[in-house]
Amino acid sequence: MIRKIAGLCAGWMMLAGMAMAQDNYEIQVYGSQTVNKGYTMVELHSNYTADGERTYKNDVLPTQHMLHETVEITHGFTPWFEVGCYFFNAIGDMNRTNYVGSHIRPRVRVPDSWQWPVGVSLSLEGGFQKRAYSEDDWSMEIRPIVDKQLGDLYLSFNPTFDKSFHGINKNQGFEFAPNFKAGYNVTKTIAPGIEYYGGWGALNNLPPFYRQEHQLFAAVDLNVSPVWEINAGFGWGLTSGTDDHIFKLILGRRFH
């Protein structure tokens, strides 16, 4: 069984010759847990950019006043292996409303039986986005995930690496795009926190800080039911090259 799954993952990686930072389509710091075996998680990611790019840049449509709606469907095949699919959509004036592209994301995690002191999983995501909405249409993302619950405090770190295979950045090396989350359970239902999303650039040639992408979000998780996932936040761009004033909402529902 393990050999079959490993072979399947390898095949997906080859197909993934195909996510730089996802251009505000899915703004989320991953936890290490995978969807339970036999369950399916359906999520809607809604992200609105109030202060973004106002003109075409490298033939990419402006993001000012753009609403991104992403449907994510993830199924758990084993207690430690899942596969997710994304369907990206953009809504905006000036003929910017369109289906943008899709990604596939297999993920494995360290089983609970190994009794590691932290949660660990590895996500491999690849796919296609239309060139009008992204500098790179085929790209891949490698996302290690490490998290830990310390009483009421939750910490998660995603040191993500992106690679373009077709587009403006295809000749660049892997780009470093770290994400971090810290949340605190003030009640059993409400857990406010902060989330950081970065796009530092190619590891072999990091650009100066002002040309990098850095976003900071004030966010909250609402644990209203075991079958629901609710996360909302408001984000600020910390550099001139980063979209600013972004509202995000994630609504997820588990089905068995």
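Taking a 6.0 Å sphere around CG of N204, one finds it holds more than 12 heavy atoms contributed by other residues, nucleotides or ligands. Open room surrounds CH2 on W200; 12 or fewer heavy atoms of other groups in view lie less than 6.0 Å from it.
Note: F81 and F77 have tilted aromatic rings, judged against thresholds of 30 and 60 degrees for the angle between ring planes.
No option in N185, N231, T189 other than N231 meets the side chain to side chain donor-acceptor pair (under 3.5 Å) test with D221. Tested against F128, the residues D136, D137, V100 include a single side chain to side chain contact (heavy atoms under 4.5 Å, CB included) partner, D137.
Within the 3.5 Å criterion, the main-chain N or O of Q28 finds a donor-acceptor partner in the side chain of Y197. A donor-acceptor pair under 3.5 Å is absent between the side-chain atoms of K181 and the main chain of V29, judged by distance alone. A donor-acceptor contact shorter than 3.5 Å is absent between the side chain of E135 and the backbone of I168. The closest donor-acceptor contact from the side chain of Q149 to the backbone of G151 lies under 3.5 Å. No donor-acceptor pair under 3.5 Å is formed between the side chain of H214 and the backbone N or O of G199. Side chain of T49 to backbone of H65: no donor-acceptor contact under 3.5 angstrom is found. Without hydrogens or angle criteria, K37 side chain to E82 main chain gives no donor-acceptor distance under 3.5 Å. Without hydrogens or angle criteria, R96 side chain to A90 main chain gives no donor-acceptor distance under 3.5 Å. Checked by atom type and distance alone, the side chain of T160 pairs as donor or acceptor with a backbone atom of N158 at under 3.5 Å. In this structure, the side chain of T74 does not engage the main chain of V83 through any donor-acceptor pair within 3.5 Å.
Of all heavy-atom pairs between P62 and M94, the closest is CG-CE, 4.2 Å. Closest approach of N223 to A191, counting heavy atoms only: ND2-CB, 4.4 Å. When all heavy atoms of E53 and T55 are compared, the pair lying nearest together is CG-O, 3.2 Å. The two residues I104 and C85 come nearest to each other via the heavy atoms CG1-SG, 4.3 Å. Residues Q212 and P207 come closest through the heavy atom pair NE2-O, 2.9 Å. The nearest pair of heavy atoms linking K248 to I27 is NZ-O, 2.9 Å.
There is no side-chain donor-acceptor pair under 3.5 Å between N47 and N24. For T242 and E213, the side-chain atoms include no donor-acceptor pair closer than 3.5 Å.
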* **Evaluation steps, ring pair (Phe, Tyr, Trp, His ring centres under 6.0 Å), between F176 and F161** => CA-CA 5 Å; F176 187 46; F161 300 90; 5.3 Å; yes
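The line from NE2 of H68 to OG1 of T63 is 7.0 Å long, rounded to the nearest 0.5 Å. Summarising the geometry, atom CG belonging to L249 is positioned 10.0 Å from atom NE2 belonging to H45; distances are rounded to the nearest 0.5 Å.
Side chains of D243 and Q215 form a contact here, defined as non-hydrogen atoms less than 4.5 Å apart. Put simply, the side chain of L222 does not reach to within 4.5 Å of the side chain of W228, judged on heavy atoms. In this structure, the side chains of T40 and V35 stay at 4.5 Å or more apart for every pair of heavy atoms. Residues N89 and I91 form no side-chain contact, since every pair of their non-hydrogen atoms from C-beta on lies 4.5 Å or further apart. Two residues are said to be in side-chain contact when any heavy atoms from C-beta on lie closer than 4.5 Å; P178 and Y196 meet this criterion.
Checked against side chain to side chain contact (heavy atoms under 4.5 Å, CB included), V227 has the following partners two or more places apart in sequence or in another chain: S225, R253. By the side chain to side chain contact (heavy atoms under 4.5 Å, CB included) test, S123 pairs with Y30, R105, R107, R143, I145, sequence neighbours left out.
H245 and F234 have their aromatic ring centers within a separation under 6.0 angstrom.
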